[in-house]
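In the text below, chain A, chain B and the rest are named by the order of the sequence lines, each starting its count at 1.
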Amino acid sequence: MQRCCRVIVSQPPVLRPHKGNRTASRFCTAGFELPEWFRNPKKDCDSFDDDDHDEFVLPIKSDPVEERSRGGSSEPLSLRPEAASHDEAEFEADFDEASRILTSCFASPEAIVIAMDCCPVRVSDRMVEKILKRFSSDWVAAFGFFMWAGAQEGYCHSADSYNSMVDILGKFKQFDLMWGLITQMDEIGGLVSLATMTKVMRRLAGASRWTDAIDAFNKMDRFGVVKDTTAMNVLLDTLCKERSVKRARGAFQELRGSVPPDESSFNTLVHGWCKARMMNEARDTMKEMEEHGFKPSVITYTSLIEAYCMEKDFQTAYAILNEMCSKGCPPNVITYTIVMHALGKDGRTQEALDIFDKVRRDGCAPDASFYNSLIYILGRAGRLEDANSVVDKMSSTGVPPTVATFNTLISAACDHSQAENALKMLVRMEEQSCKPDIKTYTPLLKLCCKRQWIKVLRFLICHMFRKDITPDFSTYTLLVTWLCRNGKPAQSCLFLEEMVLKGFTPKKETFDLVTEKLDKANLHSAKKKIQLLTLRAAAVKHTGSPHLNKDGAAGQHIDILSNACGYEP
DNA sequence: TGAAGTTTAA
């Protein structure tokens with residue numbers, strides 16, 4: 001029913017059964033294995049004392065994060081703040097238990113339903129929401145749990161839970177299952193809303209199924225969702241954001257007779273043209289907007305300015321700024337952020353800082369994004385001290401730093417090889433109860449891969465999991481490619497396999513790179529596995545499932561994959 | 001996430 005394959009990455013393969021986990025068999029090789037907490041994050045990190053060659057030592061003895069991760073301090077390893085009550089403790093225990101089961105490799109959502117049936121987890125809306133969030137990058141786990149929960153007595157999924165599930169299935173292009181769920185929501189009655197259809201349209205368009213997205217809009221009244229201006233604007237925005245402004249225009253022309261456009265409809269289209277750098281069309285849409293009695297607003301002009309900034313045509317951008325002032329439509333903090341940021345990115349640091357002064361002179365209140373952009377510019381110019389002092393300035397002016405503030409500082413520190421400062425920032429985030437996201441970790445992970453700091457890499461992945469953050473497609477790609485480029489092809493393989501197991505389809509270049517490096521390192525059996533993994537990835541793309549299925553091609557490849565390495569599934 | 005702006009990144 002369940003099985004799990006590991007890539008064997010060295011010669012000869014050393015088969016080491018996984019200690020203490022009944023559900024996931026795991027095999028590894030000398031030197032490196034994906035740590036236990038990679039699969040089962042709630043377990044302690046116990047693998048820091050591996051004998052990796054690792055030049056980097058975490059710098060500060062008193063670093064609370066490090067101490068905790070080693071599990072060696074007097075402070076107990078706490079995965080979360082003290083449970084507030086008995087109920088809370090029970091909830092957390094249930095969550096851990098469900099996570100433990102779902103972290104194993106399962107053949108299908110149905111297999112998860114069977115496994116979950118033996119587990120005394122109490123279902124609630126909150127539990128479902130939390131599990132779906134935690135497993136939002138593993139649709140089989142998420143959907144298996146969702147189905148199991150929905151079958152529990154006395155529990156019915158909320159509209160929000162359905163919407164989250166719809167979104168996850170859409171993200172992994174499981175459109176048949178997604179529509180099945182919509183039908184179910186409709187049959188229960190009244191659960192399909194514009195929020196649901198928004199997710200459907202965005203996921204379809206995101207998968208380049210623009211026509212399907214338009215069809216979804218057209219048939220949404222069948223589910224009781226009104227095709228009004230708001231709904232039309234969602235469709236237009238979706239098509240524009242997903243690289244099809246021309247289809248947006250087409251849909252707009254078709255719908256405008258029955259659905260009255262508003263200012264947003266036009267601004268969405270103008271922004272779409274600007275994003276596509278089709279400035280004539282953008283200006284035409286602005287004219288049309290005026291014909292409909294809507295005056296171009298600060299949003300409209302800002303879209304234009306952004307497009308010219310992207311083209312590095314600062315001359316025109318400045319001209320529009322002046323035009324705005326003369327038309328009585330002054331730029332706001334967003335407009336200035338765009339201009340300042342583009343200047344900074346283009347290396348015109350002083351000009352960018354002049355904008356900062358202008359904003360202060362104009363009495364336009366900077367917000368967090370504006371400050372974050374300033375931090376980015378200073379960091380990029382190597383002025384890390386100044387960048388750090390902006391944070392103090394923010395706090396003193398009542399604009400608290402955000403995740404992006406810290407992420408930007410971490411990224412700047414990493415870019416300037418200040419790993420210690422970057423890691424300290426991670427601690428500071430914790431102190432300030434600022435929840436990291438995936439972007440917090442990417443620069444750090446990249447730096448570790450570049451420097452071959454395998455232990456720190458593990459530490460970070462452990463840290464991520466404690467925060468309920470799982471690698472996404474680009475993080476996996478980053479790990480695989482950077483480890484590979486920096487003399488760690490074997491380790492890179494493990495992440496590549498993990499990636500495929502999670503249902504991501506790596507790019508061909510990623511496979512090619514890994515194969516080439518394995519070849520050079522004479523890791524023949526690993527290369528063979530990667531080639532089989534390529535087939536598996538192709539099967540995933542074809543069947544949409546990374547997991548075994550009764551008749552699908554993926555299943556066969558797994559068998560080959562297992563047999564080829566000489567261990568039992 | 002979603003009518004405009006900030007952090008990663010090939």
To the nearest angstrom, how far is [X] atom [atom1] from [N] atom [atom2]?
{"X": "A:Leu321", "N": "B:dA4", "atom1": "CG", "atom2": "C1'", "result": "13 Å"}
{"X": "A:Lys275", "N": "B:dT1", "atom1": "NZ", "atom2": "P", "result": "16 Å"}
{"X": "A:Trp482", "N": "B:dA9", "atom1": "CH2", "atom2": "P", "result": "8 Å"}
{"X": "A:Glu242", "N": "B:dA3", "atom1": "CD", "atom2": "P", "result": "13 Å"}
{"X": "A:Asn332", "N": "B:dG5", "atom1": "CG", "atom2": "C1'", "result": "9 Å"}
{"X": "A:Ile320", "N": "B:dA4", "atom1": "CD1", "atom2": "P", "result": "17 Å"}
{"X": "A:Met429", "N": "B:dT7", "atom1": "CE", "atom2": "P", "result": "16 Å"}
{"X": "A:Glu306", "N": "B:dA4", "atom1": "CD", "atom2": "C1'", "result": "7 Å"}

Inset, instruction - Give a yes or no on whether A:Glu129 atom CD has more than 12 heavy-atom contacts from other residues, nucleotides or ligands under 6.0 Å away. - result: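 Yes, enclosed.
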Within the structure shown, what part of the strands sits under 4.0 Å from [X] by heavy-atom distance: base, sugar-phosphate, or nothing?
{"X": "A:Thr408", "result": "sugar-phosphate"}
{"X": "A:Lys446", "result": "sugar-phosphate"}
{"X": "A:Ser474", "result": "nothing"}
{"X": "A:Phe406", "result": "nothing"}
{"X": "A:Asp437", "result": "nothing"}
{"X": "A:Ile299", "result": "base"}

Inset, instruction - Check whether any side-chain nitrogen or oxygen of A:His341 sits under 4.0 Å from OP1 or OP2 of B:dT7, and answer yes or no. - result: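 So the side chain of A:His341 is within the cut-off, an N or O lying under 4.0 Å from OP1 or OP2 of B:dT7.
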Just compare [options] and give me whichever is closest to any side-chain atom of [X].
{"X": "A:Lys241", "options": "B:dG5, B:dA3, B:dA9", "answer": "B:dA3"}
{"X": "A:Asn407", "options": "B:dT7, B:dA4, B:dA9", "answer": "B:dT7"}
{"X": "A:Glu263", "options": "B:dA4, B:dT7, B:dA3", "answer": "B:dA3"}
{"X": "A:Tyr376", "options": "B:dA3, B:dT7, B:dT6", "answer": "B:dT7"}

Inset, instruction - Return yes if a side-chain donor-acceptor contact under 3.5 Å exists between A:Asn372 and A:Thr408, otherwise no. - result: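 No, because no side-chain N or O of A:Asn372 sits under 3.5 Å from a partner of the opposite role on A:Thr408.
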Inset, instruction - Can you see which heavy atom on A:Cys240 is nearest to which on A:Val245, and at what distance? - result: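 Minimum heavy-atom separation between A:Cys240 and A:Val245: SG-CG2, 4.1 Å.
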Legend entry - Distance-minimising heavy-atom pair for A:Met340 and A:Ile377: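 Heavy-atom minimum between the residues: O-CD1, 3.4 Å.
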Inset, instruction - Verify the ring-centre separation between A:Phe146 and A:Tyr162: is it less than 6.0 angstrom? - result: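 Yes, they do, as the ring centres are separated by less than 6.0 Å.
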Legend entry - A:Phe172 and A:Phe504 aromatic centres sub-6.0 Å: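 Yes, the ring centres sit under 6.0 Å apart.
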Nearest-angstrom distance, [atom1] atom, [N] to [M]:
{"N": "B:dA4", "M": "B:dA9", "atom1": "C1'", "result": "23 Å"}
{"N": "B:dA3", "M": "B:dT7", "atom1": "C1'", "result": "23 Å"}
{"N": "B:dA10", "M": "B:dG5", "atom1": "P", "result": "22 Å"}

Inset, instruction - Kindly say whether, by distance alone, the side chain of A:Ser369 makes a donor-acceptor pair under 3.5 Å with the base of B:dT6? - result: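 By the distance-only test, yes, there is a pair.
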